[in-house]
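Reckoned from all heavy atoms, side chains included, excluding hydrogens, waters and symmetry mates.
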Amino acid sequence: MELRPYQQEAREAVWNEWDTGRAKTLLVLPTGCGKTIVFAVVTEDAVRRGGRVLILAHRGELLQQAADKLEKVTGLKSAVEKASETCIGQWFRVVVGSVQTLMRQKRLDQFPSDYFSTIIIDEAHHAISDSYQVILNHFTGANVLGVTATPDRGDQKNLGQIFDSLAYEYTLPQAIKAGYLVPIRALTLPIQIDFRHVGTSAGDYKPGDIATALDPYLEQIAEEMSKHCHDRKTVVFLPLVATSQKFRDILNAHGFRAAEVNGNSDDREQVLQDFAENKYNVLCNSMLLTEGWDCPDVDCVVVLRSTKVRALYCQMVGRGTRLAPNKDHLLLLDFLWNTEKHELCRPACLIAEDAEVAQKMTKNMESAACIPLDIEAAEKTASDEVQAERERSLAEKLEAMKKRKSKLVDPIQYAMSIQASDLSGYTPAFGWEAQPPSDKQRAALEKRGINPDGVDCAGKAEKILKACAQRQLDGLATPKQIRCLERYGFLHVGNWKFDSAKNLIDRIACNGWRVPHSINPKEYQPEVTNGI
């Protein structure tokens, strides 16, 4: 199988991490971007190097999917370690294993600690649980790859406690822009659901409380769905099986052809097949379809199982992002949740990496209720508005810093000047990132003109140095140029080309280090000549 460019990049990045000594690494790909294909070719690479590979998952459907995809992509067959099935005594170099089975000490004791050279964890956001740790602690010498759509968990424990690095991340906006996933249009509906009294348990909202809060609004939601998705193929996620079954009946009363599936449905496979063949146009479920199920022509998703776990929210929305004939976008229905809890996942969390931008985006989308908005465009608008506010704040800060004399650029000022929110709001994720900057990093920062005393950790130092290196390749202004011109009152210097900044600094120097009278720093725009 010919890999997509990002899949090949991911494959190479994983091996680079392992080859450089980071034995436990993460791979992040959005739902629908072929993460199983990537870990299948990584598995093949490991087997070619003479190793054995264990693929771990917490559900039988995921194990079967992994085995099927592995054989389809690479031709490799696999043994099974689950319940009464075992790989012991078989010649297969690949094993798909159930976490619930392998976590038992009696089962683990059958394997030498070096039996597997590589362990791959599907849906790696579950890996922080004790059951996975028991297995990883047994096979201490194995390289570990965790694969997930989002590297976070609702219990607020950081996956950086388990993994040494993030080998590769391909984002939802990248996948949409490249044409590998369909664009998402979010529609905020004018139903203000009272969510203020919903409690939490195990890091997420209590399903029973969600169901209680949701119940008075099910009729209204069905009425709104009749207006916006009567002719669409829709999946609805609900908090409880009872709520899912009740909503199915309400939808059918409103003219939909709705079905419901749950873990106890005897006819589950038949219902899923009928939905795939368009005998139903709405499928209601309670958490059953978040993993291990794909129906590419789904073009509408309704999330009524509210969550503050971004991984779960992305999985639910991801049921509708895959490409299909005659499908040009996914419609995502959202509601005016009446809550002070900002951690409630909304469409903004799919795309906005900055919390302030996400809040602004959500506020803007609520103001435009009943109008479908492309989430990329909505994020760009919110980002621009937040950046404008940050620039106003920066201008005030620069005014206060005028009397300060320093040869080096403050790293926070630099991050704001180049509009790098990932630097100004940086938080370490992995252990090595939280360590103090190395002497080599401090020297490199100072050489670039940045004050190393303002950089508190190695991870931030690395990000700043990478940003400087990339800006140099792109021919953009250096930190020293930015600092010099901003001191004279020039704006947005972080967006200038190197030569434009150099030419202006030369003019100021020739004028006795005074801005020429013909130039107004607050209005000045560098000339664009020959691509400069």
Is the distance between the ring centroids of F335 and Y217 less than 6.0 Å?
-> no
When every non-hydrogen atom of L350 is compared with those of C314, the smallest separation belongs to CD2-SG, 3.8 Å
Hey, is the main chain of A127 close enough, under 3.5 Å, to the side chain of Q133 for a donor-acceptor pair?
-> yes
Stepwise side chain to side chain contact (heavy atoms under 4.5 Å, CB included) check, K497 with L476 = CA-CA 4 Å; K497 290 290 187 178; L476 295 172; 4.1 Å; yes
Value rounded to 0.5 Å, distance of CZ in F275 from CG in N285 | 10.0 Å
Is it true that D122 and K35 make a salt bridge, defined as a side-chain N closer than 4.0 Å to a carboxylate O?
-> yes
Indicate whether the side chain of E486 and that of S417 have a donor and an acceptor atom separated by less than 3.5 Å.
-> yes
Electrostatic pair E433-K463, nearest N-O below 4.0 angstrom | no
Indicate yes or no for a side-chain donor-acceptor contact from S393 to the backbone of E389 under 3.5 Å, with no hydrogens or angles considered.
-> no
Salt-bridge contact R185-D374 (side-chain N to carboxylate O under 4.0 Å) = no
Without hydrogens or angle criteria, can the side chains of E366 and T188 be said to hold a donor-acceptor pair below 3.5 Å?
-> no
Candidate pair Q472 and D474, rule side-chain hydrogen bond (donor to acceptor under 3.5 Å, both in side chains), full reasoning = CA-CA 5 Å; Q472 184 176 358; D474 294 339; over 6 Å; no
Non-hydrogen side-chain atoms of V493 and Q481 separated by less than 4.5 Å | no
Atom pair CD (Q192) and CD (Q220), whose distance is rounded to the nearest 0.5 Å | 11.0 Å
May I ask you to test the L214-I193 pair for a side-chain heavy-atom distance under 4.5 Å?
-> yes
Close side-chain approach of H254 to M225, heavy-atom, < 4.5 Å | no
Closest approach of L312 and T307, non-hydrogen atoms and distance?
-> CD2-OG1, 3.6 Å
Enclosure of E223 CD (heavy-atom neighbours >12, cutoff 6.0 Å) = yes
Are Q525 and H492 close enough that a side-chain donor and a side-chain acceptor fall under 3.5 Å?
-> no
Show the numbers, then the answer: is there a side chain to side chain contact (heavy atoms under 4.5 Å, CB included) between K308 and D204?
-> CA-CA 6 Å; K308 59 180 179 179; D204 202 2; 3.6 Å; yes
Can the ring centres of Y6 and Y170 be said to be less than 6.0 Å apart?
-> yes
Salt bridge D384-K380, side-chain N to carboxylate O under 4.0 Å | yes
Atom CD1 of I210 and atom OH of Y205: how far apart are they, to the nearest 0.5 Å?
-> 8.5 Å
Side chains of L465 and I450 in contact at under 4.5 Å (non-hydrogen atoms) | no
Please test E260 against S244 for side-chain hydrogen bond (donor to acceptor under 3.5 Å, both in side chains), starting from the C-alpha separation and ending with a verdict.
-> CA-CA 7 Å; E260 191 273 341; S244 179; 3.3 Å; yes
What is the ring orientation for F490 with Y524, classed by angle as parallel under 30°, tilted 30 to 60°, or perpendicular over 60°?
-> perpendicular
Locate the shortest heavy-atom distance separating S131 from V99; write the atom from each residue and the value.
-> OG-CG1, 3.5 Å
Any side-chain donor paired with an acceptor under 3.5 Å for Q273 and E277?
-> yes
To the nearest 0.5 Å, how far apart are CZ in R305 and OG1 in T290?
-> 9.5 Å
Would you check if V147 and V38 make a side-chain contact, meaning some heavy-atom pair closer than 4.5 Å?
-> no
S226 side chain vs A222 backbone, donor-acceptor pair below 3.5 Å = yes
Full working for side chain to side chain contact (heavy atoms under 4.5 Å, CB included) between Q8 and R11 | CA-CA 5 Å; Q8 180 60 29; R11 175 192 200 174; 3.4 Å; yes
Under 3.5 Å, is there a donor-acceptor pair linking the side chains of T25 and S165?
-> yes
Examine the side chains of N364 and E385 and answer whether a donor and an acceptor come within less than 3.5 Å of each other.
-> yes
Can you tell me how far the CD1 atom of I375 sits from the CE atom of M361, to the nearest 0.5 Å?
-> 5.5 Å
Is the shortest heavy-atom distance from the side chain of V282 to the side chain of R257 under 4.5 Å?
-> no
Inspect the contact between D215 and K246 and indicate whether a charged nitrogen and a carboxylate oxygen are less than 4.0 angstrom apart.
-> yes
D164/K24 salt bridge by N-O under 4.0 Å criterion = no
Is the NZ atom of K327 crowded by more than 12 outside heavy atoms at less than 6.0 Å?
-> yes
Measure the shortest side-chain to side-chain distance between V298 and T234 over non-hydrogen atoms and say whether it is less than 4.5 angstrom.
-> no
Closest non-hydrogen atom pair, L373 against A368 | CD1-CB, 3.9 Å
Taking atom CG of N278 as the centre, report whether more than 12 heavy atoms of other residues, nucleotides or ligands fall under 6.0 Å from it.
-> yes
Nearest-0.5 Å distance that lies between atom CG in L333 and atom CD in E224 | 9.0 Å
Ignoring hydrogens and angles, tell me if any N or O in the side chain of D334 forms a donor-acceptor pair with the backbone of R346 under 3.5 Å.
-> no
Heavy-atom nearest pair, L289 first then R319, reads O-CD, 3.2 Å
Consider only side-chain N and O atoms of D274 and Q270, and report whether a donor and an acceptor are under 3.5 Å apart.
-> yes
Can you tell me if T362 and Q359 form a side-chain donor-acceptor pair at under 3.5 Å?
-> no
Do C468 and P479 come within less than 4.5 Å of each other through their side chains, counting heavy atoms only?
-> yes
Salt bridge present between K360 and E356 (N-O < 4.0 angstrom) | no
Take F256 and Y280 through the ring-ring contact (aromatic ring centres under 6.0 Å, His included) test and state the conclusion after the steps.
-> CA-CA 8 Å; F256 287 94; Y280 303 108; over 10 Å; no
Crowding at CG, D328 (>12 non-hydrogen neighbours, <6.0 Å) = yes
E9 and Y168: side-chain donor and acceptor closer than 3.5 Å?
-> yes
Closest approach of D299 and L330, non-hydrogen atoms and distance?
-> C-CD1, 3.5 Å
Side chain to side chain contact (heavy atoms under 4.5 Å, CB included) assessment of L187 paired with L332 | CA-CA 6 Å; L187 176 63; L332 173 60; over 6 Å; no
Looking only at atom types and distance, does a side-chain atom of D410 sit under 3.5 Å from a main-chain N or O of I412, one as donor and one as acceptor?
-> yes
